[in-house]
Amino acid sequence: MKVPASPWFSLASALIVGAALLLVFPLKLLPSLLAGLLVFELVNRLARPMQRLLAGHMGRVLAVGVLSVLVIAVLGLIFAGGFSLLMHELNNPGRMMGKLLGVVDRAREQLPEALVAYLPANVDDIRVALHDWLRGHISELQLLGKGAVHMFVTVLIGMILGAVIALQSVPDPDQLRPLAGALLTRVQRFVEAFRNIVFAQIKISLLNTTFTAIFLIGVLPLFGVHLPLTKTLILITFMAGLLPVVGNLISNTAIFVVGLSLSIWVALGALAYLIVIHKVEYFLNARIVGGQIKARAWELLLVMLVFEAAFGIAGLVAAPVYYAYLKSELKAQGWV
């Protein structure tokens, strides 16, 4: 027999979910949470067409099970591929040093004298500076290595949990006890907020990366300009593009600095092109993201600024999803 709902259950569920979402940061579980949600959403989306061919509960279990393994494998390959690309650039020190020295030499010709004095003179200076930096930050690097292992393990566990949860049939919140039903409703809103933000931002990042790759690989070579570290810049563009608003600033800055190493005109041309495509993307952003959560760019930027100050990089990544969830809760209560 269903117990009548009460405002106290709604308040209790809000406090529980709010506390859980805030605890994600000090416990360093954000990568696990996002990875689990991503697998859960991908599996559920891909399972729907397969369920038409495999009817019944066992059909769903088979479809979701197969898709879970495939999704985890594909995501793992994507992460491994991105990491391998970076390591390919970094594991050839002679080639990398040569590129860096070339960038520095060309930058000397473009930058004011006051800034040139701070640039290394040769490869040996770069090696010495790198060695000194490594010696001064050895403890931080050890912590970084441990953090990387911890993140990899938690991401893997999160993906497995997302796949396991996708196997379960989601009950109707109205058929559960009041507190359980209220909690499930809020969790469903958070999952919907994640879906709206993340999949919209992936679309935007793919568009941005495509336009940027066309410029770096197709347009610039037509004018005899070959930008160094092109593959790395394309990867940075995609990864940074997953962050609303600030992602474009990060990738544009990287491309501008590398372009400056060739000439000021290449840098300005790259900047002009990027500004033009981002103006086009501005309307796409408003249509894709703004249409999903009814939020303007300044709203997201403000929330990201506050979350970054409070929780660091993790807060910067989580801010759009958390804000979308907060707006959905306020909208459900009729407050906005």
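Note: hydrogens, waters and symmetry copies are ignored here, and every other heavy atom, side chains too, is used.
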Pair listing, salt bridge (Lys or Arg N to Asp or Glu O under 4.0 Å) test, anchored in [range], at least two apart:
{"range": "residues 24-41", "answer": "Glu41-Arg195"}
{"range": "residues 178-188", "answer": "Arg186-Glu329"}
{"range": "residues 154-165", "answer": "none"}

Practice item. For Phe215, enumerate each residue passing the ring pair (Phe, Tyr, Trp, His ring centres under 6.0 Å) test, keeping only those at least two apart in sequence or located in another chain. Key: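 If we apply the ring pair (Phe, Tyr, Trp, His ring centres under 6.0 Å) test to Phe215, skipping adjacent residues, the hits are Tyr273.
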Separation between [atom1] of [X] and [atom2] of [Y], rounded to the nearest 0.5 Å:
{"X": "Thr237", "Y": "Leu233", "atom1": "OG1", "atom2": "CG", "result": "6.5 Å"}
{"X": "Thr154", "Y": "Leu29", "atom1": "OG1", "atom2": "CG", "result": "7.0 Å"}
{"X": "Thr185", "Y": "Gln188", "atom1": "OG1", "atom2": "CD", "result": "5.5 Å"}
{"X": "Ile16", "Y": "Leu11", "atom1": "CD1", "atom2": "CG", "result": "9.5 Å"}
{"X": "Ile234", "Y": "Ile217", "atom1": "CD1", "atom2": "CD1", "result": "3.5 Å"}
{"X": "Ile157", "Y": "Leu161", "atom1": "CD1", "atom2": "CG", "result": "7.5 Å"}

Practice item. Treat each ILVMFWY residue as a node, draw an edge where side-chain heavy atoms are under 4.5 Å apart, and state whether Phe311 and Leu305 are in one component. Key: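 Per the 4.5 Å side-chain linkage, Phe311 and Leu305 are not co-clustered.
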Practice item. Let me see the working for Leu38 and Phe194 under side chain to side chain contact (heavy atoms under 4.5 Å, CB included), right down to the final yes or no. Key: CA-CA 8 Å; Leu38 181 60; Phe194 172 85; 4.1 Å; yes
Exercise for review: Please collect all ring-ring contact (aromatic ring centres under 6.0 Å, His included) contacts where either partner lies in residues 159-178, sequence neighbours excluded, each pair once.
Suggested key: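 Those involving residues 159-178 do not exist here.
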Practice item. Just grab all the ring-ring contact (aromatic ring centres under 6.0 Å, His included) pairs involving residues 173-193, residues at least two apart or on different chains. Key: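 Of all non-adjacent pairs touching residues 173-193, those that pass ring-ring contact (aromatic ring centres under 6.0 Å, His included) are Phe190-Tyr322, Phe190-Tyr325.
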Check your understanding: Yes or no on side chain to side chain contact (heavy atoms under 4.5 Å, CB included) for Ile204 and Gln201, after CA distance, side-chain angles and deciding distance?
Key -> CA-CA 5 Å; Ile204 294 169; Gln201 199 60 41; 4.1 Å; yes
Taking all non-hydrogen atoms of both residues, which atom of [X] and which atom of [Y] are closest, and how far apart?
{"X": "Ala182", "Y": "Ser13", "result": "CB-OG, 3.5 Å"}
{"X": "Pro31", "Y": "Val155", "result": "CB-CG2, 3.5 Å"}
{"X": "Leu206", "Y": "Phe238", "result": "CD2-CE1, 3.6 Å"}
{"X": "Leu184", "Y": "Pro171", "result": "CD2-O, 3.5 Å"}
{"X": "Ala193", "Y": "Val321", "result": "CB-O, 3.9 Å"}
{"X": "Pro26", "Y": "Leu22", "result": "CD-O, 3.0 Å"}

Exercise for review: Might you work through the side chain to side chain contact (heavy atoms under 4.5 Å, CB included) test for Phe307 and Val317, ending with a clear yes or no?
Suggested key: CA-CA 9 Å; Phe307 268 63; Val317 174; over 6 Å; no
